[in-house]
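First the structure, in the form of structure tokens, and then the observations on it.
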Amino acid sequence: MKLRRVAAPDFDLEKTLNCGQVFHWQKIGDAYYGTIGSLPVRLEQDDNQLIISAPGELDGLKPSSFERQGDIIAAVRHYLALDHPLADICRSFPRDVALDAAKKFCQGLRIIRQPRWECLATFICSSMKQVAHIRQISLALRKRFGTERMIYVSHVYDFPSAERLGRSNEGELRECALGYRAKNLLATARRVAAGDADLDGWSQLPDEELRERLCELPGVGAKVANCVMLFAYERLRAFPIDVWIERVLKQQYFPRKRNVTAYQLREFCGRYFGENGGYAQQYLFHHARVNRRGR
DNA sequence: CTCCAGGGATGAT
DNA sequence: ATCATCCATGGA
């Protein structure tokens with residue numbers, strides 16, 4: 001096990017892992033335990049430094065993209081998007097009171113780069129669920145179908161491949177508390193495993209086409225598609241609209257107007273928030289959720 | 001168009 | 001302790 005320290009300015013580990021974009025990191029003491037792809041990692045923040053613990057020479061791990069990269073630090077920095085120019089991104093936002101407050105509150109929160117299948121599968125499970133439930137489902141799927149790994153004395157599990165989940169059945173998935181989402185996850189897993197849905201190839205598509213492809217998958221609607229675009233395809237314009245952000249938008253940008261349609265909201269978000277709208281969305285979302293008001 | 005499905009955490013009483 | 005509410009896709 002090797003311990004590494006890297007500079008991480010303008011970064012907030014706790015906000016980044018707890019803002020509702022990713023659901024499997026487990027906090028023990030001051031540290032977060034989880035996996036980046038198949039790599040088990042322990043992360044801890046010490047002011048402007050990030051302490052990374054991971055298996056020294058990837059002992060016991062099968063070959064992975066990280067091993068070929070040969071650099072765990074690079075993998076972590078990439079996953080956590082430590083290269084995103086947050087100051088520039090914030091400067092690209094329109095100025096208004098809601099967004100100014102949200103960006104101040106969310107200093108250092110980064111939109112991370114998640115593995116595509118893991119992100120897609122998790123967000124299919126997220127529909128009609130709250131964060132606590134999604135965490136339970138993610139953990140249940142990992143424990144049942146994923147590979148167990150050790151990081152110090154903690155057990156972590158990587159996310160099962162589409163092939164593995166495709167070989168399961170609806171009953172097994174329902175036992176992981178998926179409810180009616182089991183059927184959708186299974187069908188999508190099989191399409192991905194069969195190569196019918198080429199998640200990696202789709203990264204070349206422009207936003208609109210990517211959204212269309214994603215929405216053709218069972219269990220994927222506009223909200224889930226936008227989450228996957230933002231969190232797994234680095235489409236920083238994508239603006240997922242859920243109940244939280246809908247409340248914020250109506251309150252802040254359509255004050256005491258009734259009957260605001262979904263179309264009006266979508267049109268406004270695409271126009272108003274700009275090239276980094278997804279970041280603006282995440283900041284508004286996290287700020288509203290942590291300071292639960294307006295209900 | 002409306003209604004409903006799974007289900008555990010959360011908050012109100 | 002009990003009870004209502006949260007939640008966003010797809011099919012009837």
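Quick note on labels: first sequence line is chain A, next is B, and so on, each numbered from 1.
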* Counting any heavy atom closer than 4.0 Å, what does A:K129 reach on the DNA or RNA strands: base, sugar-phosphate only, or nothing? -> base
* Asked: Separation of A:K223 atom NZ from C:dC7 atom P, in whole Å?
  -> 11 Å
* According to the interplanar angle, ranging from 0 to 90°, do the rings of A:W244 and A:F285 count as parallel (below 30°), tilted (30 to 60°) or perpendicular (above 60°)? -> perpendicular
* Asked: What nucleotide among C:dA8, B:dA9, C:dC7 has an atom nearest to a side-chain atom of A:S127?
  -> C:dA8
* Whole angstrom value for the distance that separates P of B:dA5 from CD1 of A:I124 -> 22 Å
* Asked: Can you tell me how far C1' of C:dG10 sits from CG of A:L217, to the nearest Å?
  -> 14 Å
* **Whole-angstrom distance between C:dT2 and B:dG6, as gauged at atom P** => 24 Å
* Asked: Do we see a donor-acceptor contact under 3.5 Å between the side chains of A:T35 and A:R142?
  -> yes
* Asked: Taking 4.0 angstrom as the limit, do A:D71 and A:R4 come out as a salt bridge?
  -> no
* Side-chain N,O (A:R289) to OP1/OP2 (C:dC7) below 4.0 Å -> no
* **Neighbours of DNA chain B within residues 170-192 of chain A, by heavy-atom distance under 4.0 Å** => A:R174, A:G179, A:Y180, A:R181
* In whole angstrom, give the distance that lies between atom NE2 of A:H133 and atom C1' of C:dC7. => 9 Å
* May I ask you to say whether A:D207 pairs ionically with A:R235, meaning some side-chain N is under 4.0 Å from a carboxylate O? => yes
* Asked: In whole angstroms, how far is the P atom of B:dT10 from the CD1 atom of A:I134?
  -> 13 Å
* Asked: For the side chain of A:E44 and the backbone of A:G29, is there at least one donor-acceptor N/O pair under 3.5 Å apart?
  -> no
* Tell me the partner of C:dA12, counting only Watson-Crick (N1-N3 plus N6-O4 or O6-N4) or G-U wobble (N1-O2 and O6-N3) with both under 3.5 Å; none if nothing fits. => B:dT2
* To do: Using atom CG of A:L139 as one end and atom C1' of B:dG8 as the other, report the distance to the nearest whole Å.
  => 14 Å
* Just by modelled atom types, is the A:L109 backbone N or O under 3.5 Å from a matching donor or acceptor in the A:Y283 side chain? -> yes
* Asked: What nucleotide among C:dA8, B:dT10, B:dG8 has an atom nearest to a side-chain atom of A:Q136?
  -> B:dG8
* Asked: Roughly, in whole Å, what's the span from CZ in A:F23 to C1' in B:dG8?
  -> 16 Å
* To do: Indicate, with a heavy-atom threshold strictly under 4.0 Å, whether A:V220 touches base, sugar-phosphate, or nothing.
  => sugar-phosphate
* Asked: Do A:R266 and A:F239 meet the cation-pi criteria used here (NZ or CZ under 6.0 Å from the six-membered ring centre, within 45° of the axis)?
  -> no
* To do: May I ask you to say what A:I137 touches in the nucleic acid, namely base, sugar-phosphate or nothing, with a heavy-atom cut-off under 4.0 Å?
  => nothing
* To do: Provide, to the nearest angstrom, the distance between the CH2 atom belonging to A:W244 and the C1' atom belonging to C:dA8.
  => 15 Å
